[in-house]
Amino acid sequence: MLGRREPVPFAFLAEADRFRSNVTPPPRERASAGQIAGRWLLGLTITAGLVGSLVIGTPALTPDPSGPGTGTSQASEGR
């Protein structure tokens with residue numbers, strides 16, 4: 001009983017790695033001018049947003065020389 005081999009119902013799946021199709025896929029459609037302009041506009045908007053947030057956020061990250069940590073407190077003056 002162990003030596004008997006039965007045919008596999010889906011034997012073509014075992015041979016799928018050796019199968020080559022002779023059907024070529026259709027060529028890709030070229031993007032229209034409106035689609036290309038839309039992609040450029042989206043990229044430009046994202047880039048401008050990142051640069052703008054960097055320009056606006058940079059002053060907030062720099063230490064303020066006249067901030068609360070540089071002056072003397074009232075407790076150190078003896079009041």
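Count residues from 1 along the sequence.
A single hydrophobic cluster is not seen to contain both Ile46 and Leu54; linkage of ILVMFWY side chains at heavy-atom distances under 4.5 Å, directly or through other members, places them apart.
From Thr47, atom OG1 reaches atom CH2 of Trp40 across 9.5 Å, with rounding to the nearest 0.5 Å. Here CG of Leu44 is found 16.0 Å from CZ of Arg39. Values are rounded to the nearest 0.5 Å. Taking CD from Glu29 and CD from Gln35, the interatomic distance works out to 9.0 Å, rounded to the nearest 0.5 Å.
Contact between Ser53 and Leu50 at its shortest, heavy atoms only, is OG-O, 2.9 Å.
Remark: Ala37 pairs with no residue by the side chain to side chain contact (heavy atoms under 4.5 Å, CB included) rule, at least two apart or across chains.
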